[in-house]
**Student:** 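Take this structure first; my questions come after.
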Amino acid sequence: MGLRGRQAAVRLCCLSAAISLLLPPPLGRATPVRVQKGTFQAAEATWLLRRDGDTYIYFVLAYRLSKPLGAEKTRLFVDRSKCRMHGPKGRRLASCSLEGRVQKLEPRDLRFGPLLANARLHFGGHRIHWEGAEMREPEVDPFVDQRAAFADAYLERTAGVAGRLFGRKMPPRGLDHATLSYGAYASVITSLPKAGSRVRFELTANVREGA
């Protein structure tokens, strides 16, 4: 199975793609904008699970934003939902809607190892551990739409993942992808998603036969 965002084949690990999905739609009237910059750490994973003939998506994005003067924000978005299947046999697609609130975390709830070696999320019924694997080449990722303009420079590692979401053990076979990332960002934006704000977005997954 391969995951695609609603706009293109975006990778959610980089901050611009991840937060762009969490932003509200643009308003009809002009809104004030702010320039924001800092560093970030992020851990993200997606599972696509088959159960009783249906496909379900489980998604987690945990990240920490650090401002130049030392202020930090640690946030979590996590959701699960049943996907809608469509398309001919051999080219089946799963359309999945994710909706929920951006949750505020305490620093102890999300910990990162040095050089993206690992990460640990312990919050409520979520117990997820990432173990860093392949380190990819550094990347610079611009993103522009009606709501925001971002620029990221970041390092990224693919990762192995184990643990539980919503109290349910996540099986290795259903893991679609997982990454750890660290970098710097600058943005011109109305506002970053705040803790407690409700967000909704669509993802489309290619489903292999027999998956």
Side-chain angles (χ1 to χ4, degrees), residues 1-14 17-18 21-22 41-63 75-100 103 105 109-113 115-137 139 154-182 199-211:
M1 303 181 186
L3 188 69
R4 294 183 297 171
R6 64 182 175 191
Q7 304 193 27
V10 299
R11 291 198 315 276
L12 300 184
C13 58
C14 62
L21 290 172
L22 301 184
Q41 296 171 291
E44 176 251 326
T46 304
W47 289 262
L48 290 164
L49 306 180
R50 297 281 290 173
R51 192 164 66 243
D52 298 327
D54 294 317
T55 298
Y56 295 82
I57 187 169
Y58 284 73
F59 174 75
V60 57
L61 168 66
Y63 59 94
R75 300 289 185 261
L76 170 69
F77 179 83
V78 59
D79 193 25
R80 57 185 173 179
S81 74
K82 182 178 175 180
C83 301
R84 304 180 305 275
M85 303 301 297
H86 53 92
K89 185 176 181 180
R91 292 185 295 170
R92 299 282 283 169
L93 294 176
S95 296
C96 313
S97 297
L98 295 171
E99 183 173 7
Q103 300 179 70
L105 300 181
D109 298 328
L110 177 64
R111 299 183 184 274
F112 290 90
L115 300 177
L116 303 179
N118 51 62
R120 186 199 73 182
L121 170 69
H122 280 198
F123 181 75
H126 313 309
R127 298 285 191 273
I128 299 294
H129 294 253
W130 287 261
E131 286 293 332
E134 178 187 0
M135 180 74 78
R136 294 174 174 167
E137 292 293 322
E139 295 198 38
Y154 63 95
L155 293 171
E156 172 192 309
R157 295 186 82 155
T158 58
V161 186
R164 295 176 177 270
L165 286 181
F166 304 99
R168 177 188 175 88
K169 186 176 181 179
M170 293 289 98
R173 183 179 179 184
L175 181 66
D176 185 78
H177 75 286
T179 55
L180 296 167
S181 56
Y182 171 80
V199 295
R200 182 177 186 275
F201 59 93
E202 297 277 341
L203 296 173
T204 301
N206 297 309
V207 181
R208 297 192 305 268
E209 292 299 312

**Student:** With side chains defined as the heavy atoms from C-beta onward, is the minimum distance between Y58 and M170 less than 4.5 Å?
**Tutor:** yes
**Student:** Can a donor-acceptor pair be found, under 3.5 Å and without considering hydrogens, that links the side chain of W130 to the backbone of F112?
**Tutor:** no
**Student:** Answer yes or no: is there a side-chain heavy-atom contact under 4.5 Å between R120 and R127?
**Tutor:** no
**Student:** So, taking the atom named CG in L165 and the one named CH2 in W47, what distance separates them when rounded to the nearest 0.5 Å?
**Tutor:** 5.0 Å
**Student:** Step by step, would you call R111 with H122 a side chain to side chain contact (heavy atoms under 4.5 Å, CB included)?
**Tutor:** CA-CA 9 Å; R111 299 183 184 274; H122 280 198; over 6 Å; no
**Student:** Taking all non-hydrogen atoms of both residues into account, name the closest pair between A119 and L180 and its distance.
**Tutor:** CB-CD2, 3.5 Å
**Student:** Which value, rounded to the nearest 0.5 Å, describes the distance between D109 atom CG and Q103 atom CD?
**Tutor:** 10.0 Å
**Student:** Sort out for me which residue in K82, R84, M85 forms a side-chain contact (heavy atoms from CB on, under 4.5 Å) with T55.
**Tutor:** M85
**Student:** Where do L175 and A159 come nearest, in terms of heavy atoms and distance?
**Tutor:** CD2-O, 4.5 Å
**Student:** Give a yes or no answer on whether the side chain of H126 reaches the backbone of F166 with a donor-acceptor pair at less than 3.5 Å.
**Tutor:** yes
**Student:** Does the R157 side chain pair with the main chain of L115, one donor and one acceptor, at a distance under 3.5 Å?
**Tutor:** yes
**Student:** Does the cation-pi check pass for R80 over Y56, that is, NZ or CZ under 6.0 Å from the six-membered ring centre and within 45° of its axis?
**Tutor:** no
**Student:** Would you say the side chain of L105 lies within less than 4.5 Å of the side chain of L121, judging by non-hydrogen atoms?
**Tutor:** yes
**Student:** Report the distance from atom CG of L155 to atom OG of S181, rounding to the nearest 0.5 Å.
**Tutor:** 9.5 Å
**Student:** Is there a side-chain contact between L76 and L61 in this structure, where contact means two heavy atoms from C-beta onward sitting under 4.5 Å apart?
**Tutor:** no
**Student:** With distance as the sole test, does D79 use its side chain to make a donor-acceptor pair with the main-chain N or O of E99 at under 3.5 Å?
**Tutor:** yes
**Student:** Between L49 and G174, what is the shortest heavy-atom contact and its length?
**Tutor:** CD2-CA, 3.5 Å
**Student:** Give me the atom names and distance for the closest heavy-atom approach of G163 to I128.
**Tutor:** C-CD1, 3.9 Å
**Student:** Does T158 use its side chain to pair, donor to acceptor, with the backbone of A133 at less than 3.5 Å?
**Tutor:** no
**Student:** Taking side chain as C-beta onward, heavy atoms only, is Y63 less than 4.5 Å from F77?
**Tutor:** no
**Student:** Compare all side-chain heavy atoms of S95 with those of H86 and state whether any distance is below 4.5 angstrom.
**Tutor:** yes
**Student:** CZ/R173 to CZ/R50 distance, rounded to the nearest 0.5 angstrom?
**Tutor:** 10.5 Å
**Student:** Identify the heavy atoms of C96 and L48 that sit nearest to each other, and give their distance.
**Tutor:** SG-CD2, 4.5 Å
